[in-house]
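Notes for the one structure printed next.
Letters A, B, ... are given to chains in the order of the sequence lines, protein chains preceding strands, and every chain is numbered from 1.
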There are 2 protein chains.
Amino acid sequence: MRFEEQREPGPERRGSGPVPAAAPRRSDATRGAILAAARERFAADGYERATIRAIAREAHIDPSMVMRYYGSKEGLFAAVLDVDLRLPDPEALDRGDVGRVLVGHFLDLWEENEVLTAMLRVGVTNAAGAERMQGIFRDQLTPVARLACPDPEQAPARAALCASQLLGLGLTRYVLRLPPAVALHRDEIVAWLGPTVQRYLTAPHP
Amino acid sequence: MRFEEQREPGPERRGSGPVPAAAPRRSDATRGAILAAARERFAADGYERATIRAIAREAHIDPSMVMRYYGSKEGLFAAVLDVDLRLPDPEALDRGDVGRVLVGHFLDLWEENEVLTAMLRVGVTNAAGAERMQGIFRDQLTPVARLACPDPEQAPARAALCASQLLGLGLTRYVLRLPPAVALHRDEIVAWLGPTVQRYLTAPHP
DNA sequence: TCAGTTTGCCAACACTTGTTGGCCAACGCC
DNA sequence: GGCGTTGGCCAACAAGTGTTGGCAAACTGA
């Protein structure tokens, strides 16, 4: 069930000219505030415990507004989870260094905002969330694997291996917060996990 | 908040002789059924969505019985999560093969029953669950690392690295069920992840 | 100025949750 | 047999959930 840009029917576009970039509305600020608050609550509490009321409170608006703008809790959640991993262009990558680059990139993603934390927290308990995660990793990580690995046919498996290590890192460090995992420095993590990912992508099938 | 063996005050132990192994009760079957059902529900649904009512229904008893025997939902959950990873004795391990052995052992654990799935599903959304997971991995995995790695002082960090890969495997294969991760054969997984864990444990600090 | 739309809040709904207390039947010991 | 103990169910509670409809204020375009 994909969430469609669901607005009240706005005024018809007038004139021709360039598309007016979806005429901004007074409520866009509220929409944004809801989305930000939702991301935060979902990341901190998971799907069930992140209540619409709590999200609304954090966004300083009434719970009913959340419903009006996003249709339902599921709709809001779908809007939050429009994740773009922004993986580097595989064509432009140095084949010998993909592993370290990917690990570094994922560390940046996890620390940039809570969207990955939210995705993982929800994906683990919510079927729709898990499906969404499947899609994200299939569509965004597999192409990288396809260009980096010796046999394109093995790309999905190799991407899954990478996902297991990269998600495992996020899980232990940012979700469960195992103290030794939190204490590791960025450079150490890249040095330890980089070669692992590199091997999963480029080494010959064992 | 540790869950204490909480029974109604039973009859005093009579006679001396060997400890009578906590005189069995008629209700032990029910207790067991509740525990099994709880493990199943927690594993399938996570903490919030695994309702006491659903657990009771699955155990074919009344919800109030769950409360009487386990005090509260938290108490039941604590009883479910008494996890023993049964890691092999590190003394007796072949130093050159720890990685493969550990990976194989964890695969067995995940497939043996749903207790690890339950632990992960709950640990991700529930603070008490996360703490419990921290304890389990700290107390059970770190000792193995201490004996396998060159510098015992690095044991916690190396154990965390192993945990990241081992939990990542469980996450992608058994919780999120990413299709390519599910499709991998046991031997392939051991062949791919074994060397990784081996390196995290025994390789010199990079 | 004034009608129509947009933005927001309030109060309520139907429902589910964990939890409690009371009641009844079956058991086990004298 | 009789009687206390145990095992079990039923009905209810207070609290919290997602969701809805109506109504007032603010804005917008003519």
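Following rounding to the nearest Å, B/Glu74 (CD) and C/dG18 (C1') show an atom-to-atom distance of 12 Å. Between A/Asp28 atom CG and D/dC27 atom P there is a gap of 16 Å when expressed in whole angstrom units. Between B/Ile34 atom CD1 and D/dG8 atom C1' the separation is 11 Å, expressed in whole Å. Atom-to-atom, OH of A/Tyr70 to P of C/dG8 comes out at 12 Å; the value is rounded to the nearest Å. Put simply, CE on A/Met65 is 6 Å from P on C/dC9, counting in whole angstrom units. Per the geometry, CD1 belonging to A/Ile61 stands 14 Å off C1' belonging to C/dC10, to the nearest Å. When the P atom of C/dC23 is taken as reference, atom CZ of B/Arg68 falls 14 Å away, rounded to whole Å. Straight-line distance from the CZ atom of B/Arg49 to the P atom of C/dG18: 13 Å, rounded to whole Å.
Using a 4.5 Å heavy-atom cutoff, the side chains of B/Leu102 and B/Leu201 are in contact. Residues B/Leu184 and A/Leu161 form a side-chain contact, since some pair of their non-hydrogen atoms from C-beta on lies under 4.5 Å apart.
Listed nucleotides: C/dG8, C/dT19, C/dC9. Nearest to the side chain of B/Ile52: C/dT19. Checked against D/dT19, C/dG18, D/dG8, the side chain of B/Tyr69 finds its nearest nucleotide in D/dG8.
In this structure, B/Thr30 reaches the sugar-phosphate backbone alone: every heavy-atom distance under 4.0 Å involves primed, P, OP1 or OP2 atoms, never a base.
One cannot find a donor-acceptor pair under 3.5 Å joining the base of D/dG16 and the side-chain atoms of A/Arg53.
Checked by atom type, the side-chain pair B/Arg138/B/Gln134 shows no donor-acceptor distance below 3.5 Å.
The 5' end of DNA chain D is approached more closely, in terms of each residue's nearest nucleotide, by A/Arg57 than by the other of A/Asp62 and A/Arg57.
Between A/Glu114 and A/Arg121 there is no salt bridge, since no side-chain nitrogen of the basic residue lies less than 4.0 Å from a carboxylate oxygen of the acidic one.
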